[in-house]
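Encoded as structure tokens, the structure appears first; notes follow it.
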2 protein chains.
Amino acid sequence: MREGPDIARIASLIGDPARANMLNALMGGTALTASELALEAGVSLPTASSHLSKLMEGGLLTLASQGRHRYYGLASAQVASMIEAIIGVAEAVGPRRARPGPRDAAMRVARVCYDHLAGEQAVAMLDRLFDRKLLLREDNEIRLSSSGAAHFSALGIETHAKARRPVCRACLDWSVRRSHLAGMLGAAILDKIIAEKWARREKDSRAVVFSPRGRQEFERVFLS
Amino acid sequence: MREGPDIARIASLIGDPARANMLNALMGGTALTASELALEAGVSLPTASSHLSKLMEGGLLTLASQGRHRYYGLASAQVASMIEAIIGVAEAVGPRRARPGPRDAAMRVARVCYDHLAGEQAVAMLDRLFDRKLLLREDNEIRLSSSGAAHFSALGIETHAKARRPVCRACLDWSVRRSHLAGMLGAAILDKIIAEKWARREKDSRAVVFSPRGRQEFERVFLS
DNA sequence: CGCATAGTTCGATCTTTATCGAAGCATTCC
DNA sequence: GGAATGCTTCGATAAAGATCGAACTATGCG
């Protein structure tokens, strides 16, 4: 009977199917309203509302009110990466999903992880950015080199640190089991990919699907 | 209502206080019997037994029968690192523990993480091993250099890969928020620290407490 | 074999909590 | 102002599951 941090509290919050579905949906990175989350979780609005207040109280969510809309989002990247870790275990021990299915394959290639790109594409990108010395591994962190700063700035990606959010961060990829790029820069790159219409978000999924031309452009800019 | 891996199943397993306590105890790395875990969780033997079979069915534990003893342990390093991630969130959002307390401080300095050393000491050690080029960062993995192989071998630490377990692996430290060394080598180093009596495991805790002389030795060998 | 220790299974009880309909607030639109 | 939309609170119901005592199985010891 040891004390220690209350992991049961956190885990039981995630342990309800409705709440797990909501969190899963929020892993897409976009904040959602209570009604959207109710739909996502397959429960009525009152039920969803009750779940949301529990998640809020548990510190897993943040809330942004805009007019009569209330947008719920994951509280932090740390929460997101905890959820990724749980997904990893669930994938590993889970009842071997009958057929991997096309959506699942798409997820492995490229998907949204909270606010940045994950999957094979993202892991390959980080590797290339290191090779080209646009990013530097330092200690156990990732740092932007001066050539990297110039490079991203030329692409119209702002890399000045604001607030306390780190510019670069490594995030473990559950499908590849290697790191991909998170942090402000990771988020900015995903923004660019979507803004340039190189890829679109699959509806109701975290999968990111590149268009043929978009993939070419992405490879030219980030994988060359 | 999306499908996807069943994270609720995994999380709800951890979400029960009794099971969470058991898992927490197993994070110490040593396999424990059902009675020990019952004590640890503060429940009766039948209750513990029921929890254990659920954890087994969920794939979070492994079981080794030896005579009339049945030793339960965490199923994998992946499971351990998921639990660490949950601990991290619980620490971050949890009801600010009134006073950090001495045990808590000791945990931050050095503790057992499944089968290797974690905490400030462990993070510092990994940094030094990189500085001395005994370990090399490669891609996103850690590799043993040839001088490193010689070094550890001279210390009586075997570094030949056996089975499929990687020799070196990075593991994110929840207290320091940087990586420390896991994998076969990480485990072997912890073994040596205990075997040489440089430090002892705190009773009923994951904390690892160095003796004055032990700390000196450890610093000489791994932090110099 | 008989006894002791380790562990599981069974059955009954009891608490927790997920759920939704109805009603209540709050904000915006007209 | 009044109607509509988005969301929360309340109250009652129902289901899930945690708990333990007692009985049962298995292993070891003399």
Side-chain angles (χ1 to χ4, degrees), chain A residues 1-2 6-26 30-75 95, chain B residues 1-2 6-26 30-75 95:
Chain A
M1 188 79 118
R2 57 186 70 205
D6 199 350
I7 76 173
R9 189 174 123 81
I10 302 297
S12 72
L13 279 174
I14 310 171
D16 177 82
R19 288 193 293 261
N21 283 332
M22 291 175 170
L23 291 169
N24 211 7
L26 291 173
T30 46
L32 300 171
T33 64
S35 349
E36 290 170 319
L37 288 165
L39 199 68
E40 204 64 59
V43 294
S44 74
L45 236 168
T47 304
S49 183
S50 146
H51 285 308
L52 288 169
S53 58
K54 279 170 195 167
L55 288 170
M56 282 295 295
E57 198 180 357
L60 298 187
L61 298 186
T62 49
L63 174 58
S65 289
Q66 272 174 35
R68 66 178 153 182
H69 294 272
R70 313 189 75 193
Y71 290 96
Y72 289 93
L74 295 186
Chain B
M1 191 79 119
R2 57 187 70 206
D6 199 350
I7 75 172
R9 190 174 122 82
I10 302 298
S12 72
L13 280 174
I14 310 171
D16 177 83
R19 288 193 293 261
N21 282 332
M22 291 174 171
L23 291 169
N24 211 5
L26 291 172
T30 46
L32 300 171
T33 64
S35 346
E36 291 170 319
L37 288 166
L39 199 68
E40 204 65 57
V43 294
S44 74
L45 236 169
T47 304
S49 183
S50 146
H51 285 308
L52 288 169
S53 58
K54 279 171 195 167
L55 288 170
M56 282 296 294
E57 198 179 357
L60 298 187
L61 298 185
T62 49
L63 175 57
S65 289
Q66 273 174 36
R68 65 177 153 179
H69 293 275
R70 315 188 74 194
Y71 290 97
Y72 290 92
L74 294 187

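Below, read A as the first sequence line, B as the second, and so on, with proteins coming before strands; counting in each chain starts at 1.
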In whole angstrom, give the distance that lies between atom CG of L63(A) and atom P of dA26(C).
-> 16 Å
OP1, OP2 of dT8(D) versus side-chain N and O of Y72(A): anything below 4.0 Å?
-> yes
d(M22(A) CE, D16(A) CG) to nearest 0.5 Å is 8.5 Å
Measure from CE on M56(B) to C1' on dT8(C) and round the result to the nearest Å.
-> 14 Å
Contacts table for residues 42-55 of chain A: side-chain donor-acceptor under 3.5 angstrom, sequence neighbours left out:
unit_1 : atom_1 : unit_2 : atom_2 : d
S44(A) : OG     : T47(A) : N      : 3.4
S44(A) : OG     : T47(A) : OG1    : 3.0
H51(A) : ND1    : R19(A) : NH1    : 3.0
S53(A) : OG     : S49(A) : O      : 3.4
S53(A) : OG     : S50(A) : O      : 2.9

Enumerate the protein-to-nucleotides 15-19 of chain D contacts in which both atoms are nitrogen or oxygen and the separation is below 3.5 Å.
unit_1  : atom_1 : unit_2 : atom_2 : d
dA18(D) : OP2    : R19(B) : NH1    : 3.2
dA18(D) : OP2    : K54(B) : NZ     : 2.9
dA18(D) : O5'    : D16(B) : OD1    : 3.4
dT19(D) : OP2    : H51(B) : NE2    : 2.5

In chain order, what residues pass the side-chain hydrogen bond (donor to acceptor under 3.5 Å, both in side chains) check against E36(A), with sequence neighbours excluded?
-> T33(A)
Whole-Å gap separating P (dT9(C)) and CD (E57(B)) | 11 Å
Interatomic distance, CG@N21(B) vs CD1@I7(A), rounded to 0.5 Å, equals 8.0 Å
For the student: nearest non-hydrogen atoms of L37(A) and Y72(A), plus distance | CD1-CB, 3.9 Å
Are there any protein N/O atoms within less than 3.5 Å of an N/O atom in nucleotides 4-6 of chain D, and if so, which ones and at what distance?
unit_1 : atom_1 : unit_2 : atom_2 : d
dT5(D) : O2     : R68(A) : NH1    : 3.4

Do L60(B) and L74(B) have side-chain heavy atoms sitting under 4.5 Å apart?
-> no
Could you tell me the separation between the CG atom of L55(A) and the P atom of dT17(C), rounded to a whole number of Å?
-> 14 Å
Evaluate the side-chain proximity of L13(A) to L23(A): yes if any heavy-atom separation is below 4.5 Å, no if none is.
-> no
Which is it for I10(A) and I14(B) under the side-chain contact (heavy atoms from CB on, under 4.5 Å) test, yes or no, and what are the steps along the way?
-> CA-CA 9 Å; I10(A) 302 297; I14(B) 310 171; over 6 Å; no
What integer distance in Å separates L32(B):CG from dA6(C):P?
-> 15 Å
